[in-house]
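Worksheet for the structure shown next.
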Amino acid sequence: MKEKLNALLIASVDNCFNQGALKKTALPEFVIEIPNNPEHGHFATNLPMAFASSQKRPPREIASIIIKGLVDPEGLVEKAEVAGPGFINFRIRDEQWLQGLSQTINLDGDYGRSMVGKGQNVLVEFVSANPTGPLHVGHGRGAALGDTLCRILAFCGYDVLREFYINDAGQQLRMLGESVYSRFKQMDDPSFPFPEKGYHGDYVMEVARKVSDKHDLNIIGREEAIRLCAESGKDIMFEEIRETLKSFGVSFDNWYSEKDLFNSGILDRTLDTLREEGRLYEHEGAEWIRTTDFGDDKDRVIRKNDGNFTYFASDISYHLEKHKRGFSRAINLWGADHHGYVPRIKAALLARGIPENWLSILLIQLVKLWKAGQEMKMSKRAGSFVTLRELIDEVGVDAVRFVFLTKNHDSPLDFDMDIVKKQDSENPVYYVQYAHARICSIFRKAEEDGIFLPEKSDAILRRLVLDQEKALIRTMAVFPSLLVDIARSLESHRLTYYLTDLAASFHRYFNLGTKNPEYRVVTQDIELSQARLFLVKAIRIVIANGLGLMGVSAPQKM
RNA sequence: GCGCCUGUAGCUCAGUAGGAUAGAGCAGCGGACUUCUAAUCCGCAGGUCGGGGGUUCGAAUCUUCCCAGGCGCGCCA
């Protein structure tokens, strides 16, 4: 609807140009928004105010000129009026809204789908946890956010590739191997030393048991045993990570291995290119990249004086390779503790002429877990942390995902397990799900009463005349453009608020019927009942589609 | 010290590309189920949008300074 109005406005301004009512100047940036105050109509635009400076006329005057020159062959607008300092407020004709409603019903599961991203392929990298331990709750937030973002992008027509980058080449894997080996040795000799920077979590002992069940670590040399522990440990952890993600409803198209980056020669090739272009230099036995030429605050080492590459080398290479693979844009979801790396990775891309906005990096703030009124401090080093697996098992996938999606990614999130575990109204996930279940229940009731929906809805929908019904129809009309907005802003949490809002409007509507039977969906008047059934069916569709994009189930019964 | 993020109701947070009178949930108080699901709804109360300046028709939103909190500033991974 907003899009239609936008086109209408542009045509109208054009018309004013041709009539000489307005000077031919460039169209300014303007917005069409839904006013908070219902008295201001269904839509409002600030176009006249934005136009004031180039037209050199008062906004209100421009507003009435545009209204006079309105081009509206479809009969979209019922009323247009000048308001406030120079807004134009629009009221759309009921017919138009009803058309939107029947479209929602016809499109069903495809309602909200669009093609705005057509022709664009996007690489979304998220989670990318090291296979040196289980996923913790912070990874869960990234997984929920990333997965939902991918679903929304795909729904908006983007060609999305979901990728998990596996750090399987560096020191940390070696450390896992040493930790596992040490735990194995400690089974017989508790005084066996544990590596200083080793992984302390209990899971390491479990890995040690599993590895030693399969292999006799005593008959092979220490080095080989550590290598074996590292390799097997990685496989075990990785399997666990995949398993956890799967039960969390998160899938990936591609698992990109850092080791492959080395073995395939890609890393060397990318560095050669940078070297040829004079972006690298030797200094004190190490090799550096001149990221300061591109906005970083200091140059960075990519090869240490011991000959090993820094992790940054593979990171540069990985991202340059992403670009080379032909993606029109890339999105990374990182933990906010990595924000210091943003300027340097962007600098490295710029050094190869890749524009800064090709890569969007979403920084995800910390999750604080609360239980029994106490914060559960997490420390990976000390091995004390709540895993995503534990959280899912205790709280349930729907609730965890929903809560992770209630906050903007750059705002820290307090996760109160006591609230989220409750099976009652305090738990926010049920509010939306309940609306869905309630609608299903209405349909069961209608069926009992022998009321069924006809094929065509159009004529019947005219019976929807209540303010609440019209408001619901308008709210639902926002859904497609909301998704487009999210695809632009990458702010998935807005979907959560939208669905909560829609559910609230529905619950309110439903409750009208508890006071006055005339306002029930299923009434004595069959045609009216059918119209309302179409309405709530549309609500069910929007909620189901929205929850689907969030990876949250839409139950028929609760 | 430098950089990034955050600061909105008692608490947790929204606030749609700068728009008109700043919202929700929870907590508090008072109401609504012989009824299509009360996991719901209605009402009341609750705010110098951290503070000061600036930009303009208009600022929670942009800018600058200050205050408070979180995180990051390795030839670690």
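Sequence lines set the chain letters: A, B, ... in the order given, protein chains first and strands last, and positions in each chain run from 1.
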Taking atom [atom1] in both [N] and [M], compute the distance separating them and give it to the nearest angstrom.
N      : M      : atom1 : answer
B:rC2  : B:rU16 : P     : 32 Å
B:rU21 : B:rU61 : P     : 16 Å
B:rC11 : B:rU48 : P     : 12 Å
B:rC4  : B:rU12 : P     : 26 Å
B:rA38 : B:rC33 : C1'   : 6 Å
B:rG15 : B:rC76 : P     : 41 Å
B:rG19 : B:rC62 : C1'   : 14 Å
B:rU8  : B:rA59 : C1'   : 14 Å

Please determine whether any donor N or O and acceptor N or O are separated by less than 3.5 Å between the side chain of [X] and the base of [N].
X      : N      : answer
A:Y165 : B:rA77 : no
A:R520 : B:rU35 : yes
A:H338 : B:rG72 : no
A:N89  : B:rA20 : yes
A:D485 : B:rU16 : no
A:Y341 : B:rC71 : no
A:D297 : B:rG3  : no

What does [X] touch in the nucleic acid at a heavy-atom separation under 4.0 angstrom: a base, only the sugar-phosphate, or nothing?
X      : result
A:A52  : nothing
A:L366 : nothing
A:S411 : sugar-phosphate

_A:H40 aromatic ring stacked with six-membered ring of B:rA20, 5.5 Å and 30°_ = yes
*asked:* Quick check, does A:F87 stack with B:rA20? I mean ring centres under 5.5 Å and planes off by under 30°.
replied: yes
With respect to the side chain of [X], which nucleotide from [options] is positioned closest?
X      : options                : result
A:Q365 : B:rC5, B:rA77, B:rA39  : B:rC5
A:E33  : B:rU21, B:rG19, B:rC71 : B:rG19
A:N46  : B:rA17, B:rA20, B:rG19 : B:rG19
A:K304 : B:rU21, B:rC76, B:rG15 : B:rC76
A:R508 : B:rC36, B:rA17, B:rC42 : B:rC42
A:K445 : B:rA39, B:rC75, B:rC36 : B:rC36
A:F510 : B:rA38, B:rC75, B:rA77 : B:rA38
A:R488 : B:rU16, B:rA20, B:rA14 : B:rU16
A:H339 : B:rA17, B:rG72, B:rC13 : B:rG72
A:Q172 : B:rA77, B:rA39, B:rC75 : B:rA77

*asked:* Set out, in order, the CA-CA distance, both residues' side-chain angles and the distance that settles side-chain contact (heavy atoms from CB on, under 4.5 Å) for A:F506 and A:R438, then state yes or no.
replied: CA-CA 10 Å; A:F506 165 72; A:R438 237 181 182 179; 3.9 Å; yes
Should [N] form a Watson-Crick or G-U wobble pair with both distances under 3.5 Å, which nucleotide is its partner?
N      : value
B:rA9  : none
B:rG1  : B:rC73
B:rC41 : B:rG31
B:rC36 : none
B:rA20 : none
B:rU61 : none

*Salt bridge between A:R444 and A:E448, side-chain N to carboxylate O under 4.0 Å?*
no
_Please determine whether a side-chain nitrogen of the Lys or Arg among A:R275 and A:E282 lies less than 4.0 Å from a carboxylate oxygen of the Asp or Glu._
no
[X] side chain N/O closer than 4.0 Å to the phosphate oxygens (OP1, OP2) of [N]?
X      : N      : value
A:K298 : B:rC2  : no
A:R444 : B:rC36 : no
A:Y311 : B:rA77 : no
A:R174 : B:rA77 : no
A:N36  : B:rA20 : yes
A:R438 : B:rA39 : no
A:H507 : B:rA32 : no
A:K368 : B:rU12 : no
A:S53  : B:rC57 : no
A:Y431 : B:rC41 : yes

*asked:* Using side-chain hydrogen bond (donor to acceptor under 3.5 Å, both in side chains), reason through A:Y341 and A:D315 one step at a time and then give a plain yes or no.
replied: CA-CA 10 Å; A:Y341 304 104; A:D315 233 28; over 6 Å; no
*Which sits closer to the 5' end of RNA chain B, A:N511 or A:P517, going by the nucleotide each is nearest to?*
A:P517
*Let me know, please, whether A:I419 or A:H409 comes out on the 5' side of the other along RNA chain B by nearest nucleotide.*
A:H409
*Do A:Y256 and A:L261 come close enough that some side-chain heavy atom pair is under 4.5 Å?*
yes
*Given the rule in the side-chain contact (heavy atoms from CB on, under 4.5 Å) test, do A:V552 and A:L405 qualify, once you have shown the distances and angles that lead to the verdict?*
CA-CA 11 Å; A:V552 174; A:L405 287 165; 5.5 Å; no
_On the six-membered ring of A:F443, is A:R540 placed so that its NZ or CZ lies under 6.0 angstrom from the centre and within 45° of the ring axis?_
yes
*asked:* If the test is side-chain contact (heavy atoms from CB on, under 4.5 Å), which one of A:E469, A:R463, A:R520 qualifies with A:R532?
replied: A:E469
*asked:* Run A:L359 and A:H319 through side-chain contact (heavy atoms from CB on, under 4.5 Å) and show every step you take.
replied: CA-CA 9 Å; A:L359 173 67; A:H319 283 89; 4.2 Å; yes
*Do you see a donor-acceptor pair shorter than 3.5 Å between the side chains of A:Q55 and A:T25?*
yes
*Can you check the A:D414 CG to B:rC11 C1' distance for me, whole Å?*
10 Å
*Would you mind reading off the distance between A:I32 atom CD1 and B:rU16 atom C1', rounded to a whole angstrom?*
14 Å
